[in-house]
Amino acid sequence: MRDMHAWNASPFDDTSAYGLGSNDRLNRVFEMPSTVHFSTKDRILGAAEELFAQYGFAGTSLRQVTSRADVNIAAVNYHFGSKENLVNEVFRRRMDEMSERRLTALKAAQKDHPGELEPILAAFVEPALAMAQDRHGGGAFIRVIARAYAEKNDGLRKFLSDQYGHVLREFGKAIAACIPGLTKEALYWRLDFLSGALTYAMADFGLIKRPSNVSEAAHREHAAQELIRFAAAGFALK
C-alpha cells in the first residue's frame, strides 16, 4: 500500500527527461489528494492491507491485524464480521474508486474520441497506475494483488468477479467496437494479457527504472503511454 502522510509535491516536476510536455488529463489522473484522515475502520483496513501484502491472506491472523491497527477484536467484528469480509473490503476500498474512475474515463473517451482505441486503453490503464502511485498505501495494495494471483482463494475471486466483472465487460464492448473483426475469444485473451502487463507495470519490477531526476508521476505517465501504445498494437493484430 507507504507512509501515511500528506503528499504536497507537484506531480509533474521532471518531465523533461522523457521529453514529456504538459498533459492536463494525465495531470488530473495522477494528482494525489493533499490530506487524508483515518478512521478506526481505515486503520484496520490499512493494517490488514500491509499484513496481507507481507504474509498473504492465509498467513495473516486477525490478532496480527488488531495489534497493527491498535484496536481490539470487537472492532474488527463490528466493522467486518469475519476475516473473509475483511479481505474483500481491503479490495473494495481500492477497487471501487479505481473502477469508478475507469468507467468515467471510458465514457469521456467514447464521447470525445469515438472509434479510437488508444483513449479507451488509456481509460483502463491510467487510473490503475495512478492508484499504484498513491503514497497512502498504493504500493502495498499492488503486493496484495500479487497475492491474489498467487494464492488460491475462490471466495475472493468470486467476490472480484461479481463486483468488478462488469468493468471488464464494458471495456471489452468498447474495444470490440473499435476492432469489429476481433473475435470474442481473442478479445478476452488480449484483455487478460493487458491486465497482466498492467499489474507488472504497477509493481514497477521492470527493466526500466525511474531516473533519479524524474518524478514518480512522470515515470508513471511514461509507463502508461508506452503500455497503451503496446496494447493498441496487440489488440489490432489480425
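Values below: all heavy atoms of this structure, side chains included; hydrogens, waters and symmetry mates excluded.
- Annotation: ring pair (Phe, Tyr, Trp, His ring centres under 6.0 Å) contacts involving residues 147-171, sequence neighbours excluded, comprise Phe124-Phe171.
- Atom CE of residue Met98 and atom CG of residue Leu103 lie 10.0 Å apart, to the nearest 0.5 angstrom.
- Distance alone, capped at 3.5 Å, is enough to place a donor-acceptor pair between the Arg190 side chain and the Phe235 backbone.
- Residues Leu86 and Leu45 form a side-chain contact, since some pair of their non-hydrogen atoms from C-beta on lies under 4.5 Å apart.
- In this structure, the side chain of Arg43 engages the main chain of Ala69 through a donor-acceptor pair within 3.5 Å.
- Atom CD1 of Ile73 is separated from atom CG of Leu62 by 4.5 Å, given to the nearest 0.5 angstrom.
- Residues forming a side chain to side chain contact (heavy atoms under 4.5 Å, CB included) with Ser61 (at least two apart in sequence, or on another chain): Arg63, Gln64.
- Side chain of Asp42 to main chain of Ser39: a donor-acceptor pair is present (N/O by atom type, distance under 3.5 Å, no hydrogens or angles).
- Here the straight-line distance linking atom CZ of Arg143 with atom CD of Glu50 works out to 8.5 Å at 0.5 Å rounding.
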Would Tyr188 and Leu191 satisfy side chain to side chain contact (heavy atoms under 4.5 Å, CB included), going step by step from the backbone distance to the final call?
CA-CA 5 Å; Tyr188 278 94; Leu191 264 175; 4.1 Å; yes

Can Leu194 and Val125 be said to form a side chain to side chain contact (heavy atoms under 4.5 Å, CB included), step by step?
CA-CA 9 Å; Leu194 172 58; Val125 167; 4.2 Å; yes

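- The shortest distance between side-chain heavy atoms of Tyr78 and Thr40 does not fall below 4.5 Å.
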Report the C-alpha separation of Val65 and Lys83 in whole Å, then their side-chain angles, then the decisive distance to 0.1 Å, and conclude whether the side chain to side chain contact (heavy atoms under 4.5 Å, CB included) test is met.
CA-CA 10 Å; Val65 174; Lys83 182 179 174 181; over 6 Å; no

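- For the residue pair Asp192/Ser195, the side-chain donor-acceptor check at 3.5 Å is not satisfied.
- Scanning both residues, Arg102 and Ala123, for their nearest heavy atoms gives CG-O, 3.4 Å.
- Glu126 is listed as a side-chain neighbour of Ile228, based on a closest heavy-atom distance under 4.5 Å.
- Interatomic distance, CG of Asn88 versus CG of Leu160, reported as 7.5 Å (0.5 Å rounding).
- Phe193 belongs to a hydrophobic cluster with Trp189, counting contacts under 4.5 Å between side-chain heavy atoms of Ile, Leu, Val, Met, Phe, Trp and Tyr, direct or through other members.
- Here CD1 of Ile175 is found 5.0 Å from CG of Leu121. Values are rounded to the nearest 0.5 Å.
- Minimum interatomic distance between Thr60 and Tyr55 (heavy atoms only, all atoms of both residues): OG1-CB, 3.6 Å.
- Using a distance-only test at 3.5 Å, with no hydrogens or angles considered, a donor-acceptor pair links the side chain of Ser99 to the main chain of Met95.
- The two residues Gln110 and Ala174 come nearest to each other via the heavy atoms NE2-CB, 3.5 Å.
- The two residues Ile142 and Thr199 make their nearest non-hydrogen contact at CG2-O, 4.5 Å.
- Between Phe80 and Lys41, the closest side-chain pair of non-hydrogen atoms falls below 4.5 Å.
- For Phe230, the CZ atom sits in a loose shell: 12 or fewer heavy atoms of surrounding residues, nucleotides or ligands are nearer than 6.0 Å.
- Looking only at side-chain heavy atoms (C-beta outward), Asn72 and Thr66 stay at 4.5 Å or farther from each other.
- Although no hydrogens or angles enter the test, the distance criterion places a donor-acceptor pair under 3.5 Å between the side chain of Arg220 and the main chain of Met202.
- Residue Asp96 qualifies as enclosed at atom CG: its count of foreign heavy atoms under 6.0 Å is above 12.
- With sequence neighbours excluded, the residues satisfying side chain to side chain contact (heavy atoms under 4.5 Å, CB included) with Asp154 are Lys152.
- Contact record, Ile44 with Val71: CG1-CG2, 3.9 Å, taken as the closest heavy-atom pair.
- For the pair Cys178/Ile120, a side-chain contact is recorded, criterion being any heavy-atom separation below 4.5 Å from C-beta on.
- A salt bridge is defined here as a Lys NZ or Arg NE, NH1 or NH2 lying under 4.0 Å from an Asp or Glu carboxylate O, and Glu226 with Arg229 meets this definition.
- Considering only residues two or more places apart in sequence or on other chains, Arg147 meets the side chain to side chain contact (heavy atoms under 4.5 Å, CB included) condition with Phe57, Glu151.
- The stretch residues 113-124 participates, sequence neighbours left out, in no side chain to side chain donor-acceptor pair (under 3.5 Å) pair at all.
- Listed here is the closest heavy atom pair of Leu129 and Ala223: CD1-C, 4.3 Å.
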